[in-house]
Amino acid sequence: MSKDTLERLAATIRERRGEDAERSYTRQLLDGGPAGCARKLGEEALETVIAGISQDESALVSEAADLLYHLLVLLEAREVSWEKVLSELERRMGTSGLAEKAARAGAGSAS
């Protein structure tokens, strides 16, 4: 899978907004609004954690794919583009994870 695959999936999810909810699981999720999409993402995140700890590689791969899909659905529900997420990751490239965490913590305490 490449970055292109995730971009195509994000575009497909965007297109599903216009589909009939009777025929589109994605549309059903989007109709639940950001809160519903976030809850479903949380469920998928927990399933991914469980697979990462106690299940085989195949289960982890499957759950990771579900997690990415549901993340893209939540981003669409909030009208946040996948490209913005990629830009943020690009901005962080080459930055120490510890330095990034410290910068975010410092920004949070300033408010």
Side-chain angles (χ1 to χ4, degrees):
M1 179 161 77
S2 69
K3 181 178 97 170
D4 180 60
T5 302
L6 289 172
E7 289 171 350
R8 286 186 297 125
L9 180 57
T12 299
I13 290 168
R14 221 174 6 263
E15 291 169 8
R16 297 287 161 85
R17 252 191 205 281
E19 296 286 322
D20 179 2
E22 293 289 319
R23 296 185 354 206
S24 172
Y25 175 66
T26 301
R27 171 65 189 271
Q28 291 174 17
L29 289 170
L30 291 169
D31 284 352
C37 293
R39 278 191 295 277
K40 186 61 180 172
L41 177 64
E43 291 173 23
E44 296 299 335
L46 181 57
E47 291 172 8
T48 304
V49 169
I50 292 167
I53 293 170
S54 63
Q55 295 177 351
D56 65 12
E57 180 180 320
S58 175
L60 178 57
V61 167
S62 179
E63 293 301 340
D66 288 349
L67 182 64
L68 288 171
Y69 163 76
H70 286 89
L71 172 60
L72 291 172
V73 171
L74 175 58
L75 291 171
E76 179 62 26
R78 290 288 313 269
E79 299 181 9
V80 174
S81 73
W82 175 241
E83 291 76 18
K84 285 184 180 178
V85 175
L86 291 177
S87 292
E88 177 62 13
L89 287 171
E90 184 69 31
R91 183 190 70 76
R92 293 180 185 187
M93 292 295 291
T95 303
S96 162
L98 294 175
E100 180 66 30
K101 282 181 81 167
R104 283 185 277 147
S109 65
S111 27

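Position 1 is the first residue of the sequence; numbering continues from there. Every heavy atom of this structure was used, including side-chain atoms; hydrogens, water molecules and symmetry mates were not.
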For R78, look at atom CZ and say whether over 12 heavy atoms of other residues, nucleotides or ligands are found less than 6.0 Å away. no
L67 side, atom CG; T48 side, atom OG1 - distance, nearest 0.5 Å: 4.0 Å
For the hydrophobic clusters of this structure (ILVMFWY residues joined by side-chain heavy atoms under 4.5 Å, transitively), does one cluster hold both V49 and L71? no
The criterion is salt bridge (Lys or Arg N to Asp or Glu O under 4.0 Å); which residues satisfy it with E47, sequence neighbours excluded? none
For the atom pair CZ (R39) and CG (L74), what is the distance rounded to the nearest 0.5 Å? 11.0 Å
Checking side-chain contact (heavy atoms from CB on, under 4.5 Å) for the pair R27/D31: CA distance, chi angles, key distance, verdict? CA-CA 6 Å; R27 171 65 189 271; D31 284 352; 2.8 Å; yes
Is L86 reachable from I13 through a run of hydrophobic residues whose side-chain heavy atoms are each under 4.5 Å from the next? yes
Are L46 and L41 linked, directly or through intermediate hydrophobic residues, by side-chain heavy-atom contacts shorter than 4.5 Å (ILVMFWY only)? no
Report, one line per pair, each donor and acceptor closer than 3.5 Å where one atom sits in a side chain of residues 16-23; sequence neighbours left out.
unit_1: R17; atom_1: NE; unit_2: E76; atom_2: OE2; d: 2.8
unit_1: R17; atom_1: NH2; unit_2: E76; atom_2: O; d: 2.6
unit_1: D20; atom_1: OD1; unit_2: E22; atom_2: N; d: 3.0

Strictly below 4.0 Å, N to O, side chains only: are K84 and E88 in salt-bridge contact? no
Mind listing the side-chain donor-acceptor pairs of residues 53-64 below 3.5 Å, one per line with the distance, residues two or more places apart or on another chain?
unit_1: S54; atom_1: OG; unit_2: I50; atom_2: O; d: 3.1
unit_1: D56; atom_1: OD1; unit_2: S58; atom_2: N; d: 3.3
unit_1: D56; atom_1: OD1; unit_2: A59; atom_2: N; d: 2.9

Angle class for the Y25/Y69 ring planes (parallel below 30°, perpendicular above 60°, tilted otherwise)? parallel
Any salt bridge between K40 and E44, counting N to O under 4.0 Å? yes
For the CG atom of L9 and the OG1 atom of T26, what is their distance to the nearest 0.5 Å? 8.0 Å
Looking only at heavy atoms, what is the nearest atom pair of A77 and P34, with distance? O-CG, 3.8 Å
For the OG atom of S81 and the CG atom of L75, what is their distance to the nearest 0.5 Å? 8.5 Å
